[in-house]
Amino acid sequence: MDRGKTEVRLAKEGGASAATVLGSAPLETINAFLEECKKLELDSMIDMMNIEYPLSILRELKQLPDVVILHRGVDEEDYNPEKELPFYEIQRIKSQYDIMVAVAGGDTIQEVQRAIFNDVDIVVVWRNFYKSSKETAKLAREFLKEIR
């Protein structure tokens with residue numbers, strides 16, 4: 001969110017192969033972040049949580065990230081269950097840029113299917129895997145079956 005170059009250097013020193021910047025950060029921070037990721041050979045990702053029009057941010061950048069993350073937060077899902085993941089943004093972004101798109105915040109099989117149907121490149125699942133249960137292995141098999 002701030003100090004883009006410093007955060008990327010810290011990630012690299014910590015052994016990371018990728019780093020993420022928030023799409024709501026100042027454009028100067030995002031541009032510095034992207035420049036430093038390229039310089040240090042880290043994959044760059046922009047998390048578009050709470051960004052209504054991700055394309056408006058992408059159009060302002062000096063260079064593109066490797067991945068754009070369309071993200072619905074856990075609190076949004078808990079307190080506003082009607083809020084859907086912005087699946088429609090996947091094709092809007094891909095039709096304008098040769099870029100990978102990820103979806104985060106959709107933890108159901110149905111949301112994974114919708115993301116894949118809409119040509120997403122990466123599906124981030126968390127909540128159902130985070131909970132320790134006897135069903136985790138079965139859940140993982142179900143998700144893998146859907147993405148193959």
Do Leu58 and Met1 sit in one hydrophobic cluster, given that two such residues count as connected whenever their side-chain heavy atoms are within less than 4.5 Å of each other, even indirectly?
no
Residues Ala11 and Leu42: closest non-hydrogen pair is CB-CD2, 4.2 Å
As a quick check of understanding, evaluate side-chain contact (heavy atoms from CB on, under 4.5 Å) for Val124 and Val103, giving each step before the final call.
CA-CA 6 Å; Val124 179; Val103 172; over 6 Å; no
As an exercise, state the distance from OH of Tyr97 to CZ of Arg59, rounded to the nearest 0.5 Å.
5.5 Å
Treating Ile, Leu, Val, Met, Phe, Trp and Tyr as nodes and any side-chain heavy-atom pair under 4.5 angstrom as an edge, say whether Phe87 and Ile116 lie in one connected cluster.
yes
If you measure from CD1 on Ile93 to CG on Asp98, what distance do you get to the nearest 0.5 Å?
13.0 Å
Between Ser56 and Glu60 the two heavy atoms that sit nearest each other are O-CG, 3.2 Å
The salt bridge (charged side-chain N to carboxylate O under 4.0 Å, His left out) partners of Arg3 (sequence neighbours excluded) come to none
Drop me the distance from Met45's CE to Leu22's CG, to the nearest 0.5 angstrom.
11.5 Å
Out of curiosity, Phe33 CZ to Thr6 OG1, how far, rounded to the nearest 0.5 Å?
12.5 Å
When you look at Ile99 and Val68, which way does the side-chain contact (heavy atoms from CB on, under 4.5 Å) test go after all the steps?
CA-CA 8 Å; Ile99 193 168; Val68 173; 3.6 Å; yes
Which pairs pass side chain to side chain donor-acceptor pair (under 3.5 Å) with one or both residues in residues 23-42, sequence neighbours excluded?
Lys5-Glu35, Arg9-Glu36
If you measure from CG on Leu61 to CD1 on Ile46, what distance do you get to the nearest 0.5 Å?
5.0 Å
First locate atom CE of Met100, then atom CG of Leu64, and finally report the distance between them rounded to the nearest 0.5 Å.
13.5 Å
Side-chain donor/acceptor of Asp66 to backbone N/O of Ser44, under 3.5 Å
yes
Determine the minimum heavy-atom distance between Leu70 and Pro54, stating which atoms define it.
CD2-CG, 3.9 Å
Would a 4.5 Å heavy-atom cut-off, applied to side chains only, mark Val67 and Asp43 as touching?
no
Could you tell me whether the side chain of Asp47 and the main chain of Met49 form a donor-acceptor pair under 3.5 Å?
yes
Salt bridge (Lys or Arg N to Asp or Glu O under 4.0 Å) contacts in which one or both residues fall within residues 115-124, not counting sequence neighbours:
Lys94-Asp119, Lys94-Asp121
Closest approach of Ala104 and Leu85, non-hydrogen atoms and distance?
O-CD2, 3.3 Å
Evaluate Val101 against Ile122 for side-chain contact (heavy atoms from CB on, under 4.5 Å), listing each step before the verdict.
CA-CA 6 Å; Val101 177; Ile122 301 167; over 6 Å; no
Using the rule that Ile, Leu, Val, Met, Phe, Trp and Tyr join whenever any side-chain heavy atoms are under 4.5 Å apart, tell me whether Leu27 and Ile51 fall into a single cluster.
yes
